[in-house]
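Encoded as structure tokens, the structure appears first; notes follow it.
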2 protein chains.
Amino acid sequence: MNLQQFRYVQEAVRRGLNLTEAAKALHTSQPGVSKAILDLEDELGVPIFERHGKRLRRITEPGQQIVRTIDAILLQVGNLRRIGAHYTGQHAGKLSIATTHTQARYFLPGPVAQLRQLYPQVQVELHQGTPDQVARMLMDESAVVGLATESLLGHEGLISLPCYEWHHVIVVPEGHPLASLARIGIDDLALHPLVTYHPTVTGRSRIDNAFAKARLHPEVALEALDSDVIKTYVRVGLGVGIVAEMAMREGSEGLVAIPAGHLFGPSVSRMAFRRGVQLREFEMRFAQLLSPLLTDSLLQRALHGEPDNYEL
Amino acid sequence: MNLQQFRYVQEAVRRGLNLTEAAKALHTSQPGVSKAILDLEDELGVPIFERHGKRLRRITEPGQQIVRTIDAILLQVGNLRRIGAHYTGQHAGKLSIATTHTQARYFLPGPVAQLRQLYPQVQVELHQGTPDQVARMLMDESAVVGLATESLLGHEGLISLPCYEWHHVIVVPEGHPLASLARIGIDDLALHPLVTYHPTVTGRSRIDNAFAKARLHPEVALEALDSDVIKTYVRVGLGVGIVAEMAMREGSEGLVAIPAGHLFGPSVSRMAFRRGVQLREFEMRFAQLLSPLLTDSLLQRALHGEPDNYEL
DNA sequence: TATCCTTACGGAATTCGTAAGCATG
DNA sequence: CATGCTTACGAATTCCGTAAGGATA
């Protein structure tokens with residue numbers, strides 16, 4: 001039994017039981033992967049994969065447990081490296097952040113710049129995706145920190161902590177009739193075609209809920225993953241935009257932002273980590289830049305302690 | 001980085017940072033152990049052990065974390081084997097039980113015999129010791145199941161589940177004045193020299209508490225780890241014995257047992273496991289023989305879930 | 001001086017890549 | 001017949017034991 005075998009099994013599972021793919025991903029030969037896995041199965045006395053002739057078809061029942069256990073082992077092995085890096089005072093390294101467009105564009109520039117000031121040697125790597133992709137990137141360790149508004153909660157295997165609260169705003173071109181209303185109601189809004197986020201991102205669910213609660217079914221003219229795209233289409237008159245307030249801080253010439261917190265309520269952006277992961281020094285500092293009230297000890301407790309929603 | 005290095009580090013810690021001892025325990029050469037550990041330290045970039053010249057003096061701060069992580073890894077590696085053994089339907093193997101004398105002598109014979117009937121191939125190995133030793137044996141995996149009355153609770157890293165409740169009894173030779181009393185009070189008892197358990201075992205603390213509460217300070221003529229020893233000394237007239245009721249079920253000729261539940265209250269014997277350990281089929285069955293209300297799923301939850309005192 | 005860790009070195013075992021074989025879809 | 005897993009085999013590497021060196025208590 002050895003760590004290499006574990007890596008091969010893990011990668012095989014991640015690549016959909018395709019050993020050829022797994023071998024490629026791990027920069028090794030396919031027969032080597034095959035042999036290692038067979039050896040492990042032999043040693044444990046049970047097959048991990050169910051084979052149909054010579055292809056892997058699915059994971060056996062004991063295989064499920066074995067894969068879970070292997071994941072846990074490799075997470076800890078990764079932690080050993082991280083402990084080393086932490087104590088060598090490595091102020092160099094790569095910080096991989098998985099996040100959504102809105103966060104990457106409008107919120108992260110500040111914290112990232114501050115981090116680079118503290119640790120000039122740290123290389124920042126941004127992975128953009130939907131919140132679900134963010135969660136997946138954390139789980140397979142392509143990223144260490146995740147940042148998003150939705151769907152990070154409820155992921156077993158991830159822990160998440162609140163970063164900041166924000167509200168939606170309504171975006172219209174200058175001179176639009178809605179811009180002159182004293183106070184916009186949900187029904188005023190429902191009269192116009194809407195341009196807003198794709199259902200998977202950035203608090204879209206709060207928008208849907210608000211309309212559903214008022215029994216309104218507004219026309220959604222366009223859905224986008226991206227605040228800038230939304231603003232662009234509002235500018236050309238496609239409809240009324242609803243975006244996160246952060247998205248209006250810049251590049252909003254010719255547009256008017258109208259507060260809409262009273263319509264959709266507050267949203268909370270959260271950072272997330274894989275549960276049980278060991279953070280390096282600069283990763284901890286970065287977490288604190290994302291959420292200044294966060295202490296090292298609270299962070300440690302959250303990462304290694306009980307599953308819970310940690311509120312500050 | 002490899003599993004062998006982890007085993008060497010773990011054993012080195014267990015043997016008080018003596019690599020020579022660790023090598024012996026692992027049936028390998030001392031230089032091999034030394035080299036492997038140095039290699040690991042080199043790879044992680046931090047020393048695990050603080051060296052004074054050429055001896056290991058203590059564990060460094062990062063070393064503490066590394067050792068903890070290594071323990072977790074090796075526990076899971078052990079679990080892989082156990083998963084294999086579980087699914088190969090291995091009805092053979094060794095069941096290592098760590099327990100105290102009273103349990104081994106008076107309670108375990110039943111469950112052990114039943115287990116052997118269910119799994120005739122299973123070899124049972126009994127490790128006897130004080131409750132603290134029981135806990136230690138579970139932690140370093142010389143035993144899988146522990147059974148004792150005290151001090152298994154409050155051990156971080158162990159989970160324990162109740163098995164059965166019992167009471168103390170007073171033991172006197174036939175014809176002893178106490179034997180004719182209608183109801184014995186704690187003050188009656190305090191008039192006689194006592195023969196009972198050593199402070200570390202089998203509910204001795206409940207005995208001490210009862211006397212302390214009544215502000216009595218009886219003379220303790222003899223303390224023993226062993227109910228049979230106590231009975232022997234009672235027989236020769238050394239004093240009045242206090243033992244667990246189970247200990248009077250046999251081999252009590254010439255002695256009288258007087259119920260003393262009203263004096264010392266109930267005691268609960270508990271089984272214990274190392275937290276996170278994967279049990280084999282016959283180990284689970286054995287746990288159920290110890291505590292018939294225990295279900296597989298409750299057991300799984302207890303072993304892998306939240307730290308908690310699981311009461312049935 | 002006895003204990004105990006590190007370094008040095010050589011043989012043995014393991015690992016890993018290439019080539020060939022064979023089953024599936 | 002293209003994809004994809006397994007088997008076979010040989011070279012390179014790693015592992016691990018013995019022997020020697022050096023530091024502490």
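Convention: sequence-line order gives letters A, B, ...; per-chain numbering from 1. Reckoned from all heavy atoms, side chains included, excluding hydrogens, waters and symmetry mates.
- Side chain to side chain, B:T130 and B:D132 fail the donor-acceptor criterion of an N or O pair below 3.5 Å.
- Taking atom CG of residue B:L3 and atom P of nucleotide D:dC15, one finds them 12 Å apart after rounding to whole Å.
- In this model, the phosphate group of C:dC4 is not approached by any side-chain N or O of B:H52 to a distance below 4.0 Å at OP1 or OP2.
- As a whole-Å value, the separation of B:R7 CZ from D:dC15 C1' is 14 Å.
- The side chain of B:K54 approaches D:dG21 more closely than any other nucleotide in the set D:dC16, C:dG17, D:dG21.
- Counting non-hydrogen atoms under 4.0 angstrom, A:D39 reaches nothing in the nucleic acid.
- For the pair B:F49 CZ and D:dT24 C1', the interatomic distance rounds to 18 Å; values are reported in whole Å.
- With rounding to whole Å, A:E50 atom CD is found 15 Å from D:dC5 atom P.
- Here B:K35 pairs with B:D39 in a salt bridge; the nearest charged N to carboxylate O distance falls below 4.0 Å.
- An OP1 or OP2 oxygen of C:dC4 is reached within less than 4.0 angstrom by no side-chain nitrogen or oxygen of B:R15.
- At the heavy-atom level, B:Q4 lies under 4.0 Å from the strands shown only through sugar-phosphate atoms.
- Closest to the B:S34 side chain, of the nucleotides C:dC5, D:dT24, D:dC5, is C:dC5.
- At a threshold of 4.0 angstrom between heavy atoms, the contacts of B:S29 include nucleobase atoms, whether or not backbone atoms are also involved.
- Comparing A:R57 and B:K35, the nucleotide of DNA chain C nearest to each residue sits closer to the 5' end for B:K35.
- A donor-acceptor distance shorter than 3.5 angstrom exists from the side chain of B:H86 to the backbone of B:E281, with no hydrogens or angles considered.
- Between B:N18 and C:dT3, a side-chain N or O to OP1/OP2 separation shorter than 4.0 Å is absent.
- Nearest approach of B:I37 to B:A12, heavy atoms of both residues: CD1-CB, 4.2 Å.
- One distance of note links CD of A:Q30 with CD of A:E21; it measures 11.0 Å at 0.5 Å rounding.
- A straight line from CG of B:L19 to P of D:dA23 spans 18 Å, rounded to a whole angstrom.
- Here A:R51 does not reach the OP1 or OP2 of C:dT24: none of its side-chain N or O atoms lies under 4.0 Å away.
- Note on A:T20: every side-chain N or O is 4.0 Å or more away from OP1 and OP2 of D:dT3.
- Closest approach to the A:P31 side chain among D:dT24, D:dT6, C:dG25 is made by D:dT6 (side chain taken as heavy atoms from C-beta onward).
- Atom pair B:Q5:CD and D:dT14:C1' shows a separation of 12 Å (rounding to whole Å applied).
- The residue B:I37 sits apart from the nucleic acid: no heavy atom pair falls under 4.0 Å.
- Between D:dG4, C:dT6, D:dT6, one nucleotide has an atom nearer to the side chain of A:R55 than all others, and that is D:dG4.
- With B:R82 contributing its side chain and B:L279 its backbone, the two residues share no donor-acceptor pair below 3.5 Å.
- Between B:H27 atom NE2 and D:dC15 atom C1' there is a gap of 19 Å when expressed in whole angstrom units.
- With C:dC5, C:dT3, D:dC5 as the candidates, the nucleotide lying closest to the side chain of B:Q30 is C:dC5.
- Rounded to a whole Å, the CG atom of B:L40 is 16 Å from the P atom of D:dT14.
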